[in-house]
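To start, the structure itself, in structure tokens.
What's counted below: heavy atoms across the whole structure, side chains too, no hydrogens, waters or symmetry copies.
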Amino acid sequence: VQLQASGGGSVQAGGSLRLSCAASGGRFSLYTAAWFRQAPGKEREFVVVSNWAGGITSFDESVKGRFTISRNSAKNTVDLQMNSLKPEDTAVYYCAATRSRFSSGLIPHRDRFEHWGQGTLVTVSS
């Protein structure tokens with residue numbers, strides 16, 4: 001499956017953005033989907049994961065209550081709604097997919113994902 005991320009941009013602190021990850025070459029509903037992010041000079045870090053066939057979702061503590069993930073089967077996309085954005089959310093956001101599934105609360109390492117989108121930049125100014 002090939003992934004294409006979009007929706008990044010610049011926003012002031014407290015604002016919102018919606019990222020979308022479109023899949024081609026496969027049904028996204030059959031893949032566990034995740035978002036990771038990488039800030040300048042830092043390693044790529046986990047944001048959220050949505051398991052297929054069961055819908056177990058886990059968030060990093062830093063985004064809980066502010067970010068939500070949703071699936072659109074008709075469009076074959078997985079979207080990340082980001083609210084109450086903070087300057088520390090500034091990063092390149094990557095969507096990823098795998099056929100694996102993860103237990104509730106488990107934070108999967110990025111090496112568990114075989115498919116990656118190209119990244120979309122989110123900049124939050126104070």
For this session: Please report the shortest heavy-atom distance between Phe46 and Ser58, naming the atom on each side.
Result: CZ-O, 3.4 Å
For this session: Give me the ring orientation class for Phe102 and Phe113: parallel if the planes are under 30° apart, tilted from 30 to 60°, perpendicular past 60°.
Result: tilted
Exercise. Between Tyr94 and Trp116, how do the two ring planes meet: parallel, tilted or perpendicular, split at 30° and 60°?
Worked result: perpendicular
Exercise. Given the rule in the side-chain contact (heavy atoms from CB on, under 4.5 Å) test, do Leu80 and Phe67 qualify, once you have shown the distances and angles that lead to the verdict?
Worked result: CA-CA 7 Å; Leu80 181 66; Phe67 290 12; 4.2 Å; yes
Quick one, [X] and [Y] - any side-chain contact, counting heavy atoms below 4.5 Å?
X: Ser6; Y: Gln118; answer: no
X: Thr123; Y: Val11; answer: no
X: Asp79; Y: Leu19; answer: no
X: Arg66; Y: Lys86; answer: yes
X: Gln81; Y: Ser16; answer: yes

Exercise. Does Arg110 pair with Glu45 as a salt bridge, N-O distance under 4.0 Å?
Worked result: no
Exercise. For Trp52, is the NZ or CZ atom of Arg71 found under 6.0 angstrom from the centre of its six-membered ring and inside 45 degrees of the ring axis?
Worked result: no
Exercise. So Thr57 and Val49, side-chain contact (heavy atoms from CB on, under 4.5 Å) or not? Walk me through it.
Worked result: CA-CA 6 Å; Thr57 300; Val49 61; over 6 Å; no
